[in-house]
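Each ligand, and each atom within it, is numbered from 1 in the order the structure gives. For reference, positions follow the sequence shown, starting with 1.
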Amino acid sequence: MNANTSSRSHDLFERAQAVIPGGVSSPVRAFGAVGGEPPVIVRGAGSSLFDADGREYLDFVCSWGPLILGHSHLSVQKAVAEQLTLGTTFGAPCEGEVLLAEEIQKLTGVESLRFVSSGTEATMSAIRLARGVTGRDKLVKFSGCYHGHADHLLVSAGSGLATFGEASSAGVPKAFTECTLVLPLDDEAALESLFAEHGSEIAVVIIEPIPANNGLLLQRPAFLKRLRELTLENGTLLIFDEVISGFRVGQGGAWELYGIEPDLVTYGKIVGGGLPVGAFGGKREYMDHLAPLGPVYQAGTLSGNPLAMAAGLATLNTLQKEKGWEKLESLGQYLEERLTPILESHDAKLVRQGSLFWMSLQSGDAPRSAEGIEASAADRYRHIFHSLLEQGIALAPSAYEVGFLSIAHGEADVDRLAEGLQKALRGASAH
Ligand SMILES: *Cc1c(COP(=O)(O)O)cnc(C)c1O
């Protein structure tokens, strides 16, 4: 969006840049990948966002996943308002954390669970726990999977297959990345040779079973099964990072969808109903290694925060009461039917899992690994993104980020997206 210079949104963003690095609290919001200036948002309602100049955007980002009920859903408003009158934090066990943990156990089957305040904290804590349980140091991750910004996870693949990672951020000591190995997704042979060489040293493998942070790289079930077999054979713990996929692709997440049970699982985004929450859990025999029962330390002043627990619980209850996952699957199908012919006539493809979607802007089959994404896609996306934003439709400001539907979205919203996309792609080919 080219905010005109007299707009309130523009003024606020100028002021933001004077006091906050890049004007943002999380980097992708700055539009670095697509150019231009982000609108400053003052309000959300249902499937819409409103900026400081009162401009409306049909929102397919949904705060990057948490808002599966849409913005300001009444059930969340009520639950938070009610808790607000009772207090915002106690620094002691509270009822909300018991209720939410029981609800998550009922929906997913996880035996034991601890709450934290972000997805980053959830994966960081789950990895420490896995290392504490196994007494080993090495961590394996996959290129194209994102697990938050803990030091040992800010690692990208070096050259060659199974590689010791290189830091993908300044400020990460080499000693941290030396314990992290990076593998490509969708590649059983690489997995097998890594385990043949290092199997007895590997504490833990972490994967997004539905990788949704670098395109939507849907994995073959056979690959995930092989990963489960090899980790079991080698005494390595397997973490499914379901911070995006948990409560998004169905009530039991990817774990249920693929019928593959990890040792530990991480949640975030939807479990907080729009407030800052993460959680990690798994088999009780492992979770009991955490303090105060065991030797693995982990803590948080605002962990299990009553306001956030209320928002998460209201979200999960509403999803069940309103048959949310069924509705989202059928709306997702409708989106696929509308967008597929448009994209295919422009040498692109729609990739979808439930209410998660991504446009693969290259010819041929949709990629299953980060290495399979062509660099030209980012250029194509930049134009599409800005054309849609000008039409009042907000997709994520990066070619590598997925789109989200909420139960506040309807077929008319999808129609608007389809028409907007048609227009954007026609404009793009005219360039
Ligand atoms: C968003 C995300 C995280 C990080 O969560 P934050 O709350 O942003 O720290 C970790 N893993 C996955 C799969 C995510 O999508």
- [ ] List for me each residue that meets side-chain contact (heavy atoms from CB on, under 4.5 Å) alongside Ala418, sequence neighbours excluded, and say none if there are none.
- [x] Arg338, Leu339, Ile342

Task: Whether Ser72 side chain and Gly44 backbone form a donor-acceptor pair below 3.5 Å - done: yes

- [ ] Among Val204, Thr180, Leu183, Thr236, find the residue that satisfies the side-chain contact (heavy atoms from CB on, under 4.5 Å) test when tested with Val140.
- [x] Leu183

Task: Phe247 backbone acceptor or donor facing Trp325 side chain under 3.5 Å - done: yes

Task: With Phe90 via side-chain contact (heavy atoms from CB on, under 4.5 Å) - residues at least two apart - done: Gln83, Ala92, Cys94, Pro306

TODO: Let me know which protein residues bring a heavy atom to under 4.0 Å of ligand 1; chain then number is fine for ordering.
DONE: Ser118, Gly119, Thr120, Tyr146, His147, Gly148, Glu208, Asn213, Asp241, Val243, Ile244, Lys269

Task: Pairs where residues 286-296 contributes a residue and the test salt bridge (Lys or Arg N to Asp or Glu O under 4.0 Å) is met, not counting sequence neighbours - done: none

